[in-house]
Amino acid sequence: METTMTTAVPKLTTLHPRISSNSFSLRFSLTFPAKKTALVKHTCSPSHIPLRVSASSQSQAAAEATKVSSIPSEMKACVYGEYGGVEVLKFDDKVSVPEVKEDQVLIKVVAAALNPVDAKRRQGKFKTVPGYDVAGVVVKVGNQVKELKEGDAVYGNINEKALEGPKQFGSLAEYTAVEEKLLALKPKNLDFIQAAGLPLAIETAYEGLERTGFSAGKSILVLNGAGGVGSLVIQLAKHVFGASRIAATSSTGKLELLKSLGADLAIDYTKENFEDLPEKFDVVYDAIGQCDKAVKVVKEGGSVVALTGAVTPPGFRFVVTSNGNTLKTLNPYLESGKIKPVVDPKGPFTFSQVAEAFSYIETNRATGKIVIHPIP
């Protein structure tokens, strides 16, 4: 049964970020205006102001997920079957649970996250369940799976190549089937909400830095440093690659967040033009689509990573490769608290608020990642 979702775009509020001394995740103190509810027809429950879910309650969610006594043949999922805006998104409670191939595991999804590529994929060629990022519990394993077992809490980007043959059954569903090589055990100190927001963004941040040959002692400018990828580029450059100097751009209300993540220079793009800086950088990581300006502040022989928009030489673009080994490499940095997931404080969005979450990500004003929880 399909039910239509309609929604109003949420209003962005001024953020006052701070780092909690009692948590590895970034917490935010902010005041919400009166929130417009998502208008959901028929069986979808009305939206509500989402609450921060604690690690302890996430442990309970994991416990519930491991209690699955039998895997159903059908599941609830967010689907679309035609091209368009958020209005084409629907709920369907009769979607077949995906079959598990020999090298895959079936995950009971606890939380999922949205990425810009999810919005770009609404092409309508066939009924599709969107979603790349997942955090959940393994409930079934293929006969060639070597390490993971039922009951393992895992996270990952379920599509090996972001734009090449993405899976028909994404993570915005009760279950999703994923190759073992694309997954890693969830960092023990992170809850499912925090973990779900990491995979695609942190893999993109890490691979981009590697492709530039970034190394200790080099400088970097990160455009859109408060976004999902940018917030992780800052932290990886500092704690994993050993950057000598980090500059980053954001709007006025997010400058303190940039500093808390490790930026030495926080640039307010509403008041300053970064391309007019006298300073030049070894690498510019453009996560917003301003490559034509980015090339003006890179050193001779330096590199410019352009994730979106037109590419101006010497800028380059790449398609990230999902790799569980990357997540395994970075898990110690996450578990030590050196690298912290940034989850937008307007979330998590409930499953019935998926359309609202999509509308929000398409404003390009989110802080960190937009996470969907609980599912369903």
* To do: Report the C-alpha distance between K186 and D191 in whole Å, list the side-chain angles of each, state the deciding distance to 0.1 Å, and finish with yes or no for salt bridge (charged side-chain N to carboxylate O under 4.0 Å, His left out).
  => CA-CA 8 Å; K186 179 181 70 65; D191 60 38; over 6 Å; no
Show me the donor-acceptor pairs within less than 3.5 Å that the side chains of residues 282-294 make with the rest of the protein, sequence neighbours left out.
residue : atom : partner : partner atom : Å
D282    : OD2  : S219    : N            : 2.8
D282    : OD2  : S219    : OG           : 3.2
Y285    : OH   : T204    : O            : 2.7
D286    : OD1  : I288    : N            : 3.0
D286    : OD1  : G289    : N            : 2.9
D286    : OD1  : Q290    : N            : 3.2
D286    : OD2  : Q290    : N            : 2.7
D286    : OD2  : C291    : N            : 3.0

* To do: Inspect the contact between K120 and E362 and indicate whether a charged nitrogen and a carboxylate oxygen are less than 4.0 angstrom apart.
  => no
* Run the side-chain contact (heavy atoms from CB on, under 4.5 Å) check on V305 and T212 step by step: do they pass? -> CA-CA 8 Å; V305 183; T212 68; 3.3 Å; yes
* **Nearest-0.5 Å distance, CG of residue L182 to CG of residue L327** => 9.5 Å
* To do: Assess the side chains of T252 and K271: does a donor N or O sit below 3.5 Å from an acceptor N or O?
  => no
* Nearest heavy-atom pair of K146 and E180: which atoms, and what distance? -> N-OE1, 3.1 Å
* Counting distance only, does the side-chain N/O of D152 pair as donor-acceptor with the main-chain N or O of V154 below 3.5 Å? -> no
* Are any non-hydrogen side-chain atoms of D118 and F358 less than 4.5 angstrom apart? -> yes
* Could you check if a side-chain atom of P348 sits within less than 4.5 angstrom of a side-chain atom of I372, using non-hydrogen atoms only? => no
* With E150 via side chain to side chain donor-acceptor pair (under 3.5 Å) - residues at least two apart -> none
* To do: Could you check N323, V178, V145 and say which one makes a side-chain contact (heavy atoms from CB on, under 4.5 Å) with L183?
  => V178
* To do: Enter the distance from R365:CZ to N224:CG here, rounded to the nearest 0.5 Å.
  => 12.5 Å
* To do: Look at the side-chain heavy atoms of Ile, Leu, Val, Met, Phe, Trp and Tyr, link any pair under 4.5 Å apart, and say whether L277 and L258 land in one connected group.
  => no
* **Contact check, side chains of V97 and L106, non-hydrogen atoms, under 4.5 Å** => yes
* Please confirm whether the backbone N or O of V117 pairs with a side-chain atom of N115, one donor and one acceptor, at under 3.5 Å? => no
* To do: Determine, using the 4.5 Å side-chain heavy-atom cutoff (strictly less than), whether V342 and L223 are members of one ILVMFWY cluster.
  => no
* Can you tell me how far CD1 of I370 sits from CD1 of I361, rounded to the nearest 0.5 angstrom? -> 4.5 Å
* Verify, without hydrogens or angle tests, whether E335 (side chain) and P332 (backbone) share a donor-acceptor contact under 3.5 angstrom. => no
* **salt bridge (Lys or Arg N to Asp or Glu O under 4.0 Å) contacts touching residues 199-222 (sequence neighbours left out)** => E207-R211
* P199 versus D133, closest heavy-atom pair with distance -> CB-OD1, 3.3 Å
* Asked: Any link between I267 and L257 through a network of hydrophobic side chains (Ile, Leu, Val, Met, Phe, Trp, Tyr) touching at under 4.5 Å?
  -> no
* Structure fact -> What one should report as the nearest heavy-atom pair of K254 and A366 is NZ-O, 3.7 Å
* salt bridge (Lys or Arg N to Asp or Glu O under 4.0 Å): which pairs involve residues 224-243, sequence neighbours left out? -> none
* **Approximate separation, where rounding is to 0.5 Å, of H373 NE2 and I193 CD1** => 4.5 Å
* To do: Find out whether the Lys NZ or Arg CZ of K299 is both under 6.0 angstrom from the six-membered ring centre of F281 and within 45° of the ring's axis.
  => no
Under 3.5 Å, which donor-acceptor pairs do the side chains of residues 308-322 form with other protein atoms, sequence neighbours left out?
residue : atom : partner : partner atom : Å
R317    : NE   : A306    : O            : 3.2
R317    : NH1  : G309    : O            : 3.4
R317    : NH2  : T308    : O            : 3.3
R317    : NH2  : G309    : O            : 2.1
T321    : OG1  : K161    : NZ           : 2.6
S322    : OG   : N157    : O            : 2.6

* Asked: Are Y269 and L265 connected in the hydrophobic side-chain network, where two residues link if heavy atoms are under 4.5 Å apart?
  -> no
* Asked: Taking all non-hydrogen atoms of both residues, which atom of V129 and which atom of A173 are closest, and how far apart?
  -> CG1-CB, 3.9 Å
* Report the C-alpha separation of F91 and S352 in whole Å, then their side-chain angles, then the decisive distance to 0.1 Å, and conclude whether the side-chain contact (heavy atoms from CB on, under 4.5 Å) test is met. => CA-CA 8 Å; F91 290 133; S352 64; 4.3 Å; yes
* To do: Taking the side chain as every heavy atom from C-beta outward, state whether V137 and I107 have any atom pair closer than 4.5 Å.
  => no
* To do: Could you please spell out the steps behind the side-chain contact (heavy atoms from CB on, under 4.5 Å) verdict for L236 and L330?
  => CA-CA 9 Å; L236 291 174; L330 298 176; 3.9 Å; yes
* Asked: Do E174 side-chain atoms and K76 backbone N/O form a donor-acceptor pair below 3.5 Å?
  -> yes
* Are any non-hydrogen side-chain atoms of K338 and Q235 less than 4.5 angstrom apart? -> no
* Asked: Are I246 and L221 joined in one hydrophobic group, where the rule is that I, L, V, M, F, W and Y side chains link up if heavy atoms are under 4.5 Å apart?
  -> no
* Would you call E179 and K101 a salt bridge, taking side-chain N to carboxylate O under 4.0 Å as the test? -> no
* Can you measure from SG (C78) to CD (Q353) and round to the nearest 0.5 angstrom? => 12.5 Å
* To do: Can you see which heavy atom on I375 is nearest to which on A111, and at what distance?
  => CD1-C, 4.1 Å
* Asked: Shortest non-hydrogen contact from V134 to I158?
  -> CG1-CG2, 3.6 Å
* Going through the distances and angles, do K280 and E300 end up as a salt bridge (charged side-chain N to carboxylate O under 4.0 Å, His left out)? -> CA-CA 9 Å; K280 305 297 182 185; E300 185 176 350; over 6 Å; no
* Distance-only, no hydrogens or angles: does the E87 side chain make a donor-acceptor pair with backbone N or O of G85 under 3.5 Å? -> yes
* To do: Could you check Y360 against D344 for side-chain hydrogen bond (donor to acceptor under 3.5 Å, both in side chains), going step by step and ending with a plain yes or no?
  => CA-CA 10 Å; Y360 186 31; D344 190 279; 2.9 Å; yes
* Test side-chain contact (heavy atoms from CB on, under 4.5 Å) on E74 and V95 and set out the steps. => CA-CA 5 Å; E74 295 179 331; V95 176; over 6 Å; no
* Measure the shortest side-chain to side-chain distance between Q104 and E99 over non-hydrogen atoms and say whether it is less than 4.5 angstrom. => no
* To do: Report yes if the side chains of V109 and Y175 come closer than 4.5 Å at any heavy-atom pair, otherwise no.
  => no
* **With sequence neighbours excluded, residues passing ring pair (Phe, Tyr, Trp, His ring centres under 6.0 Å) with Y206** => F241
* **Close side-chain approach of P187 and Y155, heavy atoms under 4.5 Å** => yes
* Asked: Going from CG on L232 to CG on L334, what distance comes out if it is rounded to the nearest 0.5 angstrom?
  -> 8.5 Å
